[in-house]
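The sequence lines fix the lettering, A, B, ..., with proteins before strands; numbering per chain opens at 1.
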Amino acid sequence: MQTARQPADPQAAPFLILEDIRKSYPGVLALDQFSMSVRPGEVIGIVGENGAGKSTLMKVFGGIVAPDSGTITIDGIARPALTVAESMAGGIAFVHQELNLFDNLDVAANVFIGREPRKGGWLNIVDTRKQRAMVAPLLKRIGANFAPDTPMLSLSLAQRQMVEIAKALSVKARLVILDEPTSSLPLAETDKLLDIIAGLKADGIAVIFISHRLHEIERAADRVVALRDGRLAGTLQKHEITHDRMVKLMIGRALKAQVAEAAPQPGPVMLKVRGVRTSAHPSKPVDLDLHRGEILGLAGLVGAGRTELACALFGVDPMLAGALEMDGVPLKLRSTAQAVERGIFLVPEDRKATGLVLDMSIVENISLPDLPAHSRLMMVSGQMEGEAARRQQGELDIRAARLTVATKSLSGGNQQKVVLAKWLAMAPKVMILDEPTRGIDVGAKAEIYRLMRRLAEAGVAVLMISSDMEEVIGVSDRIAVMHEGAISGILTPGDFSEENVLLLAVGKTASKRAAS
Amino acid sequence: MNKKDLGLLLLILAVGAVVAVLNPRFLLPINISNTSNLVGLFGLSAIGQAFVIITGGIELSVGSMIALVGVLFVDFIASEGVPWPVALGLMLVLGVLVGLAHGFLITKVKLQPFVVTLCGLLIYRGVARFYTQDATAGFGFGQDFPLLDGLTTGKVYGVPASVIALAIVAGAMWVVLHRSVFGRYLYAVGKNEEAARYSGIRTDRIVISAYVICQVLTVLSAIYFAMYTRSIAPASHGNFYELYAIAAAVLGGFSLQGGEGSLIGVILGVILLQELQNLVNLLGIPSSLNFAVMGGVILIGVTMDQQWGAFMARRLRTRAARAGSTARPDVAKNSG
Amino acid sequence: MNKKDLGLLLLILAVGAVVAVLNPRFLLPINISNTSNLVGLFGLSAIGQAFVIITGGIELSVGSMIALVGVLFVDFIASEGVPWPVALGLMLVLGVLVGLAHGFLITKVKLQPFVVTLCGLLIYRGVARFYTQDATAGFGFGQDFPLLDGLTTGKVYGVPASVIALAIVAGAMWVVLHRSVFGRYLYAVGKNEEAARYSGIRTDRIVISAYVICQVLTVLSAIYFAMYTRSIAPASHGNFYELYAIAAAVLGGFSLQGGEGSLIGVILGVILLQELQNLVNLLGIPSSLNFAVMGGVILIGVTMDQQWGAFMARRLRTRAARAGSTARPDVAKNSG
Amino acid sequence: VASAKPMLVFVTNGSSDFWKAAAAGVKKAQAELPDFDLSLKYPEQATAAAQQRLLDDLVTAGAKGIMISAVDPKTSTDMLDKIASQTALFTTDSDAPQTKRIAYIGSSNVLAGQQAGEIAKKAMPNGGECMGFVGLPGADNSKERVEGFKDGIKGTKIKLIDVRGDNMDQTAAKKNVADALVANPNITCMVGIYSYNTPQIYAALKEAGELGKITIVGFDDDPVTLGGVKEGTIAGTVVQQPFQWAYEGMKLMAAYVNGDKSGVPANHLIIVPTKIITKDNVDAYAADLKAMQG
Ligand SMILES: Nc1ncnc2c1ncn2[C@@H]1O[C@H](COP(=O)(O)OP(=O)(O)OP(=O)(O)O)[C@@H](O)[C@H]1O
Ligand SMILES: Nc1ncnc2c1ncn2[C@@H]1O[C@H](COP(=O)(O)OP(=O)(O)OP(=O)(O)O)[C@@H](O)[C@H]1O
Ligand SMILES: [Mg+2]
Ligand SMILES: [Mg+2]
């Protein structure tokens with residue numbers, strides 16, 4: 001990761017300057033009087049709470065959002081707004097927070113979409129062979145384990161995120177913007193990404209890196225820009241960057257140190273999973289016990305099959321084989337409705353596609369799973385559902401102009417809170433959370449950890465799927481690790497360590513004594 | 001009634017005023033009664049269509065079902081001597097079965113609604129034609145069913161029975177769509193079926209129910225149509241009626257992507273379409289232009305609607321920006 | 001040719017074999033020539049439809065355009081004395097303009113394709129009927145245009161001119177769709193328009209181009225149809241032809257959600273539909289059942305296709321999971 | 001725009017060229033009846049529902065007299081009676097004798113079919129197998145013509161083996177002829193039952209090189225049909241006289257509305273006979289036609 005070259009010259013002239021940018025949405029001011037500049041070869045970390053305006057800022061760079069006022073200057077040319085094409089021409093490459101990929105094309109086509117190598121003169125034929133040859137080394141560089149001609153359809157979420165990164169790398173860019181590129185990447189891949197950032201920097205390419213995993217920012221950034229409520233909250237130079245200072249800038253106060261509460265005695269088995277096979281790894285049966293009052297962490301590499309397992313336990317897809325037992329009673333799930341009836345809830349990893357009805361309001365989303373409870377004679381009571389939603393908003397600190405706004409207008413983190421709120425309003429017995437803190441800011445993260453613990457204390461069996469190593473180790477009472485569709489080992493607190501989780505995740509056995 | 005519906009209502013009144021000036025006979029009670037009778041007939045099937053469209057589906061077999069049910073119903077009661085309440089019952093059962101079949105193919109076999117119902121359009125029309133060997137089904141001379149006639153083509157204080165039927169159905173369906181749990185589920189499924197499923201909703205059942213409702217209402221309207229024309233030529237009866245129903249829904253603010261639209265909207269859509277047809281005949285516009293007038297007005301209507309929507313969104317945003325610049329009160333309020 | 005297309009081809013051959021056994025005259029060169037002539041006619045408009053469907057749109061005005069162009073073209077050359085190449089040119093210009101208008105309304109005014117083209121369906125039909133005052137446009141007895149006739153209804157070594165035209169168009173469009181950058185963008189826009197826009201693709205232009213291509217091909221097929229029937233009744237000519245084109249595309253594996261389908265697929269779809277029509281006549285099935293047979297076979301075809309697709313998707317996923325677990329041989333292979 | 005003159009309307013059963021001659025008849029009558037406002041209306045679709053709403057609207061608009069070719073007269077008794085109670089109602093083309101219509105002016109499809117049978121008989125003294133082509137085989141006018149044709153060929157060796165429908169789609173109409181040639185090699189005669197069927201038979205046979213080898217019997221007076229008759233490739237055609245229906249009908253209606261009921265015969269039927277057109281009289285007929293429409 002360390003390179004021999006010099007760090008970016010702080011005196012170099014910035015090639016990209018934003019001044020007094022302002023952008024409002026109905027009910028929110030997403031950016032206000034915001035100014036910043038980018039110099040060649042510097043890595044800028046952007047931090048801020050959910051909804052602080054980070055993604056909006058990046059969309060201004062990318063030409064996707066036109067600011068209400070302010071100027072954007074590239075190479076001395078000032079404009080009130082950019083188009084996507086102008087942004088691209090200015091050398092800005094973009095990995096969006098919400099993925100922008102084409103399921104009907106293959107990986108190589110996705111990487112080069114909009115910039116295909118051509119042949120055949122005016123016929124403009126796509127040079128597929130050349131395209132694939134150009135993509136293969138990129139995939140290798142980011143450690144992707146799929147070929148350039150893999151259909152997009154067969155990739156998992158994390159693998160898709162890798163394609164997005166490859167896409168940004170394929171451009172001859174001067175500035176690469178990564179909006180939460182690691183939110184669903186597990187540790188090994190994240191390390192690789194940080195190496196890549198270092199490599200870009202060494203080539204004189206500037207990088208803007210947004211992440212809620214502050215230690216990643218700490219490792220990678222030359223400078224940190226913190227946003228709060230759409231305004232610049234402060235800037236930290238390389239030597240000033242520490243976890244605590246960033247947090248303070250983001251939320252305006254220091255965060256209480258997180259006390260790792262002592263794991264309570266786990267209760268009896270709540271959900272017994274025996275020989276469950278899913279279509280992703282049809283030859284690998286999974287056995288697992290979820291105890292009452294326990295947070296079971298489920299770790300693994302990209303595509304290990306954790307999401308598939310979660311879906312099987314929630315009745316989304318029929319299991320190929322296997323049996324479930326809940327409270328000692330055999331359980332057959334043919335639909336999510338049955339799972340919900342039995343108290344098994346899932347917070348899915350893709351909130352845009354499966355977590356929320358984005359066009360519906362916060363209230364409507366929160367009441368959706370338990371609508372009959374918010375109705376009289378099967379007629380929905382606006383009052384009842386409104387009250388329930390207000391209660392959840394208070395509990396989870398959901399930031400929104402009103403509870404009746406469409407959830408699509410919320411920032412990523414606040415959307416995630418709405419997904420959680422849906423289920424917390426009901427009484428879970430088994431709570432499955434698939435990457436519950438994906439894209440969530442530190443403050444909210446702590447909130448969610450507290451919630452999980454509270455659920456466990458109330459006797460709920462919590463299954464937390466996570467690719468965030470700190471989180472897995474910090475929150476779980478036990479850690480199960482998956483490797484290629486099978487459980488490769490289960491760690492108890494005495495054996496918790498990054499090394500052990502990683503060893504199991506690649507299919508080796510864990511060393512007994514924890515080496516921290 | 002939302003803003004969109006209000007705009008449509010104004011359009012209807014404006015067109016009506018113009019026509020009334022050009023030909024005052026437009027306002028004769030008999031003309032209003034005739035036209036509202038047709039609103040009743042087309043309205044019943046349009047409401048059914050609306051339920052399907054909200055789920056993001058489409059039902060193209062409406063016209064063919066109207067022909068098939070018309071042929072069977074009239075033949076049963078006029079030629080086979082089946083008592084009409086029995087025949088009506090049988091037709092409703094047929095509607096339920098067809099709705100179930102469409103819903104099943106769409107949700108379980110996972111075929112596209114357009115495809116399933118396009119095949120329905122072809123098949124039911126074919127069956128209707130085959131059943132009578134392309135002959136017209138109709139009543140013999142003097143064959144009367146006083147009660148049935150009264151319920152379908154009669155009038156109460158000058159109000160056609162079909163309008164009363166529409167009012168009852170529309171009232172019930174308004175409650176179902178805009179107040180009930182099922183209605184909420186319909187919108188959720190229409191906007192994001194996956195997310196609805198991940199919320200524990202039995203989305204398949206919701207979608208199937210929508211098709212069943214659509215077909216049952218279609219059967220009802222088919223019976224009204226049959227009693228109105230009293231003569232069903234299976235090759236042409238009901239041709240394109242699905243397009244009228246879809247056009248009415250679209251005029252009424254429905255999105256074919258699903259998840260949008262109101263019951264009042266679709267009824268206003270039907271009224272506007274019927275008003276246009278009436279206008280063509282009353283103003284002596286060549287009937288060859290009938291279609292062109294209809295198409296033109298729909299196009300203008302949806303364009304205005306769209307521009308109005310875009311304008312409102314812009315205004316909302318501008319106002320928000322102005323409000324937002326002052327100390328962000330909303331966020332502060334809500335986070336407390 | 002992908003697996004899906006192969007399945008369809010097998011279905012076509014299987015149906016053909018059964019018909020040939022029941023009536024060996026099915027295989028007579030003249031019958032094959034007749035049927036393939038109609039494949040040529042319907043194929044041209046179906047290819048156009050396919051381009052629109054790939055973008056996630058739909059073009060319902062095809063049948064009406066076929067009537068309008070037919071009426072105008074025949075009237076121009078038969079009654080107005082316009083030289084036919086000029087008339088042809090004018091019609092192509094009309095097609096471009098209509099395509100631009102549809103594309104504009106859909107991309108810039110942001111109306112739904114279904115709505116815009118439904119209005120087109122109504123308006124163009126109305127204009128066609130108004131133009132001739134509902135009269136049939138036709139050639140006088142013995143009025144001949146030898147070159148035009150040769151190019152449209154002639155035969156070369158027994159191969160109908162329309163089939164040759166289809167082959168040329170299909171070949172060119174295959175390259176455009178499956179090899180060119182434009183084709184790639186069509187698929188991208190159809191699958192995820194937002195993402196395509198974020199990738200710097202001028203999505204509006206792509207969509208507009210698709211509608212222009214569709215209308216130009218529709219005009220071409222309209223001329224072939226006009227020369228085939230030599231008499232255009234504006235009220236009925238081309239009725240439902242858009243549905244045939246859509247059905248062919250769907251049979252050929254297109255998704256109305258956009259982003260899916262192959263050129264070979266749509267042509268095989270057209271062939272299957274025409275084979276079915278031929279079969280009804282050759283086997284002496286009552287013509288009233290024509291529609292029912294067509295609907296039934298489409299339904300069976302898409303169901304099989306869907307089941308096959310689901311099976312393949314499952315296999316693909318399983319294989320992907322397995323490939324991911326082994327030491328990444330594919331990457332190594334391909335980067336060499 | 002409401003007109004002050006009493007309004008008389010001729011309502012067709014759909015839009016078809018067949019009614020062009022009637023339109024000419026209306027026009028000629030208008031020239032002779034300046035005190036009336038005559039018009040000819042097509043329903044936008046050939047369906048009972050479309051026609052019914054057109055009638056309702058016409059009555060609303062104040063029509064004093066309506067002459068109608070009902071889409072489906074047999075089953076439309078109630079509707080026609082309703083109209084008859086509000087305005088002077090005449091029927092044409094196909095009658096509805098059970099209604100309160102004032103009179104019927106037209107011809108008989110059965111008779112026309114018989115005349116077509118006579119053409120076939122004369123053209124094929126040794127018999128043969130005929131195939132019929134029609135838009136809607138189940139429609140009344142089609143069934144009556146077929147019935148008449150079968151009557152006409154009774155006792156000969158001519159057989160009508162099948163009638164193929166095309167759903168009013170001329171592409172299908174032509175294709176049906178081509179398919180019939182393939183499927184039934186023994187066919188020696190073809191009958192075009194709707195006005196557009198005969199030209200499509202003519203075109204398909206011409207392309208197949210069978211013109212002149214197969215006897216064509218037609219109905220109505222499409223230019224191609226008349227051309228074929230003249231050329232000798234079409235044995236003959238049976239024409240109705242919608243011009244006369246409209247012209248005489250309108251004048252009768254005007255008189256009736258003015259209170260002169262003498263023109264209505266006791267049996268309420270005014271039959272305008274159909275004519276057989278063959279090579280012998282085709283020129284005269286064409287000239288007539290031109291004169292009428294000119
Ligand atoms: N399309 C939109 N319509 C309305 N409001 C929006 C829209 N996009 C963003 N916002 C609002 O703008 C604000 C900033 O959102 P943004 O997505 O930039 O936050 P963020 O800093 O990226 O948050 P996160 O860390 O959760 O991704 C939020 O309050 C959000 O609700
Ligand atoms: N929607 C999908 N379509 C096809 N294949 C999929 C899909 N989702 C997952 N897979 C396959 O299943 C495998 C397991 O994916 P899964 O999402 O369960 O893994 P995971 O452990 O949750 O990892 P991730 O961090 O990627 O979410 C993936 O490697 C992929 O090949
Ligand atoms: Mg963001
Ligand atoms: Mg996962």
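No side-chain heavy atom of C/T229 sits under 4.5 Å from any side-chain heavy atom of D/K174.
For D/D169, the part lying near chain C is the side chain, with the backbone staying farther off; criterion is any non-hydrogen pair under 4.5 Å. Contacts of C/S288 with chain D are absent, with no heavy-atom separation under 4.5 Å from either backbone or side chain. The part of C/I285 that comes within reach of chain D is its backbone (N, CA, C, O), which places non-hydrogen atoms under 4.5 angstrom from that chain. Looking at C/F225, only its side chain comes within 4.5 Å of chain D, counting heavy atoms on both sides. Only the side chain of D/N167 has a heavy atom closer than 4.5 Å to any heavy atom of chain C. Proximity to chain C involves both the backbone and the side chain of D/P185, based on heavy atoms less than 4.5 angstrom apart. Within the 4.5 angstrom heavy-atom criterion, atoms from both the backbone and the side chain of C/L282 approach chain D. Both the backbone and the side chain of C/Q133 come within contact range of chain D, with heavy atoms under 4.5 Å apart.
Geometrically, D/K230 does not engage C/F141 in a cation-pi contact, judged by NZ or CZ lying under 6.0 Å from the ring centre and within 45° of the ring axis.
Between chain C and the options D/R164, D/Q200, D/M168, heavy-atom pairs under 4.5 Å are most frequent for D/R164. When the candidates D/G228, D/G165, D/G227, D/P137 are compared by the number of heavy-atom contacts under 4.5 Å with chain C, D/G227 comes out ahead.
In this structure a side-chain-to-backbone donor-acceptor pair under 3.5 Å is missing from D/Q170 to C/I232.
To the nearest 0.5 Å, atoms OH (D/Y196) and NE2 (C/H237) are separated by 13.0 Å. Note that CG of C/N281 is 11.5 Å distant from CG of D/L181, once rounded to the nearest 0.5 Å. In this structure, the separation between CG on C/D134 and NZ on D/K41 is 11.5 Å, given to the nearest 0.5 Å. For the atom pair NZ of D/K20 and OG1 of C/T132, the computed distance is 6.5 Å after rounding to the nearest 0.5 Å.
When every heavy atom of D/K175 is checked against every heavy atom of C/L38, the shortest pair comes out as CD-CD1, 2.7 Å.
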- Hey, mind stepping through C/Y241 and D/T171 against side-chain contact (heavy atoms from CB on, under 4.5 Å) and telling me if it holds? CA-CA 11 Å; C/Y241 282 12; D/T171 306; 2.9 Å; yes
